[in-house]
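We name chains A, B, ... by the order of the sequence lines, and we start the count at 1 in each one. Since the structure is predicted, the reported quantities are computational estimates derived from the model, not experimental observations. Only this structure's heavy atoms are used, side chains among them; waters, hydrogens and symmetry mates stay out.
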Amino acid sequence: MTPNLFTRIGPISINNPTILASGILGISINVFNRIYESGAGAVVTKSISVLPSDGYDGPNMFSIGDQGWLNAIGLSNPGVDNFSKILKQNKKIPIVVSLVGSNEHDFVNMIQKLRNMQILAYEINLSCPHVEKVGLDVGDDPDLVYRIIKNIDSITEVPIIAKVGLGSTNYLDTVRAACDGGADAITAINTLRAMSIDIETMRPILGNKIGGLSGKPIKTIAVRCVYEISSKYDIPIIGCGGISSWQDAIEFILAGASAVQIGSIINYKWLKIFSDINDGIIKYMSKKKIYSIGEMVGISKRF
Amino acid sequence: MTPNLFTRIGPISINNPTILASGILGISINVFNRIYESGAGAVVTKSISVLPSDGYDGPNMFSIGDQGWLNAIGLSNPGVDNFSKILKQNKKIPIVVSLVGSNEHDFVNMIQKLRNMQILAYEINLSCPHVEKVGLDVGDDPDLVYRIIKNIDSITEVPIIAKVGLGSTNYLDTVRAACDGGADAITAINTLRAMSIDIETMRPILGNKIGGLSGKPIKTIAVRCVYEISSKYDIPIIGCGGISSWQDAIEFILAGASAVQIGSIINYKWLKIFSDINDGIIKYMSKKKIYSIGEMVGISKRF
Amino acid sequence: MEFLRDFNKPHTCKIEYIINETPTVRTFVFSDTIMSKSLPGQFAMVWIPGINELPMSIMVSNEKNKAAFTVRKRGINSTALYNLKPGQNIGVRGPYGNNFNIKNGNILLVGGGTGLVPLMRLLKFVTPSNNVKLIIGASTQNEVFFENLAKILLKNNVHDIIITTIDGSYGRKGLVTDVVSELLNTTKFNGIYTCGPELMMFHTIKLAVSKKVFIQASVERIMKCGIGICGSCSMNENLICKDGTVFNGNYLLENNEFGFSYRDKSGSIIKYTSKV
Amino acid sequence: MEFLRDFNKPHTCKIEYIINETPTVRTFVFSDTIMSKSLPGQFAMVWIPGINELPMSIMVSNEKNKAAFTVRKRGINSTALYNLKPGQNIGVRGPYGNNFNIKNGNILLVGGGTGLVPLMRLLKFVTPSNNVKLIIGASTQNEVFFENLAKILLKNNVHDIIITTIDGSYGRKGLVTDVVSELLNTTKFNGIYTCGPELMMFHTIKLAVSKKVFIQASVERIMKCGIGICGSCSMNENLICKDGTVFNGNYLLENNEFGFSYRDKSGSIIKYTSKV
Ligand SMILES: Cc1cc2nc3c(=O)[nH]c(=O)nc-3n(C[C@H](O)[C@H](O)[C@H](O)COP(=O)(O)OP(=O)(O)OC[C@H]3O[C@@H](n4cnc5c(N)ncnc54)[C@H](O)[C@@H]3O)c2cc1C
Ligand SMILES: Cc1cc2nc3c(=O)[nH]c(=O)nc-3n(C[C@H](O)[C@H](O)[C@H](O)COP(=O)(O)OP(=O)(O)OC[C@H]3O[C@@H](n4cnc5c(N)ncnc54)[C@H](O)[C@@H]3O)c2cc1C
Ligand SMILES: Cc1cc2nc3c(=O)[nH]c(=O)nc-3n(C[C@H](O)[C@H](O)[C@H](O)COP(=O)(O)O)c2cc1C
Ligand SMILES: Cc1cc2nc3c(=O)[nH]c(=O)nc-3n(C[C@H](O)[C@H](O)[C@H](O)COP(=O)(O)O)c2cc1C
Ligand code: FES
Ligand code: FES
């Protein structure tokens with residue numbers, strides 16, 4: 001028997017557990033294809049909203065050192081109508097469409113416009129930490145989360161992933177609301193609210209002043225969330241946050257993730273990161289005599 | 001005019017804005033003295049509880065790289081009775097006594113035992129993220145926070161600092177409850193709940209599995225919290241989290257902090273960090289023609 | 001400790017002096033060892049505090065350890081940059097992107113407007129054995145700039161500087177592509193380098209490729225991160241900030257977005273309206 | 001890539017083999033280049049997965065790139081370590097702490113129990129010109145260990161190994177300090193190095209200091225972090241993990257905690273009950 005990278009995230013099956021995270025390089029179908037050919041098991045689109053949005057003024061993203069990043073792109077995206085034209089071209093790529101909105105109507109509206117397209121799953125962004133009335137502002141309201149997921153579930157057969165982050169309520173309540181509403185999986189976590197001030201000009205650097213922290217600095221927090229969710233609820237999890245190597249990917253899987261999303265590290269390691277992680281996982285599995293990703297998921301909880 | 005490091009945190013005055021953070025080296029009066037002589041403006045003790053506590057089994061602390069640390073000491077401390085004997089020896093050091101407890105009675109009880117000692121302020125730990133029924137479990141309950149601070153305020157003239165962190169409610173509500181209860185200042189933030197799993201043994205590394213993330217990785221989150229608190233409330237703030245240089249200290253001051261606490265970086269830079277930061281601040285002030293710390297506090301909010 | 005600087009974090013620099021190039025174009029000079037060493041075609045992300053951050057080609061300075069940006073005022077952001085005074089701060093991160101591959105022998109540079117900036121840096125890297133022809137395109141006489149600078153930079157080279165203006169008020173009347181077309185018939189070029197309005201580049205490339213001449217163009221797209229993360233600069237499968245900005249002409253001609261469409265700030269695809 | 005390892009994060013190693021030293025003491029050998037190069041007096045934090053983490057002096061191994069820990073079973077933690085089998089994992093971080101300053105000429109080593117561990121590593125660092133006397137203290141015959149190892153490590157040195165047991169079942173009857181006292185009268189030592197029970201060290205130091213002989217001791221305190229952060233190892237103004245574990249004897253005698261009190265896991269001060 002040889003180890004196999006195939007993984008199942010509830011109803012979603014992919015050939016390997018590395019997924020491009022939302023908002024990373026994610027608006028062009030040709031870029032998605034390139035990333036898929038580089039080895040990603042699936043790709044998630046930039047979060048799409050009902051109307052197009054230009055996002056915030058810059059600086060939109062910069063490094064804080066040690067492979068940590070701040071960003072406040074402001075959910076710029078072409079809007080669902082333009083995006084559906086892009087998506088129509090998809091033939092073969094396992095694309096997860098990330099959606100962002102303020103209430104159940106926004107999501108229902110968008111999903112109706114995306115009918116009959118080649119979509120692996122929807123990822124509902126309940127966690128962008130720096131745009132008002134969407135993202136975390138929604139995630140922080142478990143009742144609203146329940147209504148949104150329930151409504152989406154009632155109009156589509158496409159699997160639903162709820163993406164959670166750390167906001168101003170207990171994110172585990174958001175997870176529960178999503179589960180109750182019918183979510184098929186959870187992605188954890190999004191960026192964490194953060195800021196930097198330039199001491200020379202004495203100003204906040206990001207155009208939006210406050211943004212989201214991603215990359216290495218958030219890894220141990222993200223691992224903790226995956227572990228907590230998988231200890232408390234019986235729902236498949238996609239780990240995300242600061243993954244930069246195959247070792248990190250394994251750590252998330254041992255914590256309880258069935259797959260992982262890769263974001264900011266792409267700046268350093270570029271698209272090779274997907275095959276690097278997959279190769280590393282295979283070697284680890286061989287050494288440990290583990291033959292499927294499923295066997296590894298959540299092993300650390302035994303101890 | 002020459003720049004001056006003196007700073008006022010509400011009713012608390014100290015000669016320079018660098019303070020030893022709670023839980024760092026903080027149980028021996030002779031160690032406090034050494035840190036004070038190394039240049040700290042004040043020191044905060046390890047959080048003291050009603051009864052002595054051995055804390056958790058190890059590993060209690062380790063590095064996650066890039067000057068980030070996980071710890072789960074478990075609030076080990078000699079208890080208020082033993083600690084009051086240690087504290088009695090204090091003659092000249094500006095000591096802030098950190099207290100941890102589950103309800104108003106615990107705090108009142110401890111403060112009664114610490115009467116007539118040389119204490120600069122009490123810091124109420126509402127934010128340790130990995131011990132049950134104290135710390136964040138208290139901080140996450142704004143009504144309880146209000147009662148605790150109110151009760152303490154009614155029995156002592158010593159200034160009260162509430163130390164907040166990011167838990168499972170909106171920490172800004174905790175700040176408001178502390179302000180309403182009569183707190184004189186806020187320390188923000190404590191460590192963030194996090195974990196690491198060793199992929200070789202497949203086990204969580206910390207004895208307590210989950211612990212607190214400190215050091216560089218949390219800096220941008222802490223700056224954000226200081227900025228948010230100072231934008232929303234009119235209460236002096238002590239910034240804490242990932243400060244490792246004078247530039248970092250300035251960043252917190254520009255965000256709204258009147259002083260800063262120094263924790264994990266002591267492992268790398270040892271006790272020289274206090275005078276290093278103070279020297280750097282003085283040079284910066286000279287260059288910018290700023291003569292008092294007070295002038296700098298919160299400048300970034302103008303933009 | 002400049003070498004320890006984080007290339008990906010805005011580094012604050014003071015504007016030292018300003019050169020008025022035309023009524024709408026100014027050059028801002030600042031000291032920065034790292035930027036001063038950037039290669040032709042590379043760009044920086046320039047933070048205009050309180051306003052926005054814009055990608056800018058890194059302009060040469062004739063002083064050591066200095067670099068510059070040459071800015072045309074267009075929208076509010078570039079206008080805010082244009083209006084900065086000496087002593088004010090900008091933040092720079094980078095340099096980013098790849099660079100032109102300068103061939104030996106006869107080379108032709110074709111630039112329009114601020115697209116001339118990377119070509120001026122390229123002139124700093126030519127060797128005395130390069131025979132250089134430079135075409136500067138502008139709409140009208142007082143929008144022509146860098147002519148003198150180019151002369152100085154080319155003082156050790158056999159060279160020819162050709163100006164074209166659309167209204168004929170200075171140099172030749174017409175488009176740069178008219179000149180390119182003629183030159184391609186008379187001279188055998190070892191390399192052509194172009195930067196400027198996309199349709200100008202597109203046309204120039206078509207001319208060069210039809211003659212099988214090596215040509216590179218520096219492509220512009222909306223850039224929000226500059227570091228291959230946000231995707232705002234995507235053009236088909238390419239991320240201009242990471243794969244570019246410099247591409248070979250024949251590769252660009254195979255691309256069904258270059259010359260035809262670009263993405264606005266929301267990422268929506270916008271077709272170029274002018275005819276090519 | 002071992003050199004890139006984070007010294008402050010537990011690094012997993014497999015126990016390769018185990019040596020039974022006495023009925024309650026075992027040595028666990030593992031491969032680790034970094035630990036194998038540690039200096040005498042340095043310690044590691046040893047993670048016993050699922051149990052706890054303990055400070056342990058780093059024991060020598062006679063094989064290259066290997067190191068060891070020599071453990072006496074005491075409480076549940078050390079007993080769990082004692083009971084590990086070959087092939088099982090431990091995590092190690094470090095090495096931490098300063099080291100003995102080995103003088104030339106006549107040196108005396110005074111060790112009790114697992115306090116002998118840093119002294120065995122010290123023997124690896126003596127030069128052939130060192131004339132070495134080693135006193136091994138134990139309660140009874142079958143608690144004596146490292147005698148043969150010491151002989152091997154000292155094969156190139158003029159040396160003398162003296163065993164004392166409290167019950168007189170092996171070697172001399174009595175305490176190590178009796179021997180120290182005698183030797184100080186007959187021999188002029190250039191340096192004395194001691195590690196073992198605190199009161200044994202305290203007494204030895206008093207003897208040496210009264211004769212103005214250079215002496216160093218390696219001090220033990222509860223250690224939770226090992227890296228100068230948690231404060232659990234404080235002894236007056238010192239943090240043993242960071243300022244020590246090795247201190248000069250005269251410095252220790254000025255300290256009103258050394259030899260008199262220590263802190264338990266809660267940080268409460270506990271007085272030593274035995275008389276010195
Ligand atoms: C790699 C790169 C290098 C660049 N180098 C330079 C440089 O050296 N100097 C410089 O001045 N600019 C340069 N730019 C363009 C610059 O980044 C801005 O796009 C430009 O300054 C307009 O910004 P704005 O926000 O003020 O205008 P916007 O508000 O974006 O637009 C205002 C008006 O200007 C038009 N406009 C915007 N961008 C362009 C453009 N590139 N060409 C023609 N019209 C445009 C818009 O269509 C609109 O009508 C570069 C861009 C890239 C991607
Ligand atoms: C720098 C340093 C180096 C050390 N090196 C070694 C070593 O090489 N080998 C080794 O076996 N231990 C060594 N120790 C001691 C070790 O870390 C543990 O303290 C010891 O193994 C007991 O741990 P426990 O948790 O099992 O016992 P505990 O549960 O802490 O205690 C159980 C019983 O043992 C007694 N006890 C605990 N520690 C000691 C001690 N140090 N001396 C005498 N009695 C004690 C307690 O008083 C108690 O009665 C070292 C300690 C330090 C600080
Ligand atoms: C520039 C940028 C844009 C992002 N945009 C989105 C988005 O539109 N929707 C979303 O759910 N997450 C978005 N994220 C969050 C990422 O998907 C991911 O959750 C986060 O960056 C943590 O992963 P990382 O540390 O691997 O980057 C964005 C992150 C970055 C850095
Ligand atoms: C080992 C350790 C122990 C700590 N113990 C306490 C404590 O007892 N009480 C408390 O309020 N904070 C405690 N903290 C949190 C610190 O005071 C500080 O808020 C945190 O470490 C962030 O600062 P830093 O990044 O500079 O370390 C502890 C932190 C560490 C690393
Ligand atoms: S500008 Fe963000 S990917 Fe190119
Ligand atoms: S063991 Fe933590 S300070 Fe020494």
Between [atom1] of [X] and [atom2] of [Y], what distance do you get to the nearest 0.5 Å?
X        : Y        : atom1 : atom2 : value
C:Cys225 : A:Leu25  : SG    : CG    : 7.5 Å
C:Ser266 : A:Phe83  : OG    : CZ    : 12.0 Å
A:Lys46  : C:Ser232 : NZ    : OG    : 10.0 Å

Does [X] use its side chain to pair, donor to acceptor, with the backbone of [Y] at less than 3.5 Å?
X        : Y        : value
C:Asn8   : A:Phe62  : no
A:Asn267 : C:Ile227 : yes
C:Asn52  : A:Gly58  : yes

Any side-chain donor near an acceptor of the partner, [X] and [Y], under 3.5 Å:
X        : Y       : result
C:Ser268 : A:Asn82 : yes
C:Lys265 : A:Ser76 : no
A:Asp198 : C:Thr12 : yes

Non-hydrogen side-chain atoms of [X] and [Y] separated by less than 4.5 Å:
X        : Y        : answer
A:Asn60  : C:Glu53  : no
A:Ser28  : C:Asn236 : no
C:Leu239 : A:Trp270 : yes
A:Thr201 : C:Trp47  : yes
A:Ile64  : C:Lys9   : no

Given heavy-atom pairs under 4.5 angstrom as the criterion, report whether the side chain, backbone, both or neither of [X] touches chain A.
X        : answer
C:Asn89  : side chain
C:Asn255 : neither
C:Ile51  : backbone

Specify which of [options] makes the most heavy-atom pairs with chain C at under 4.5 Å.
options                            : answer
A:Asp81, A:Asn77, A:Ile266         : A:Asn77
A:Gly26, A:Gly79, A:Pro52, A:Ser63 : A:Ser63
A:Asp57, A:Leu75, A:Ile29, A:Asn33 : A:Asp57

Open item on the list: Looking at A:Arg34 and C:Asp243, is any side-chain nitrogen of the basic one under 4.0 Å from a carboxylate oxygen of the acidic one?
Closed with: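 Answer for the salt bridge query: yes.
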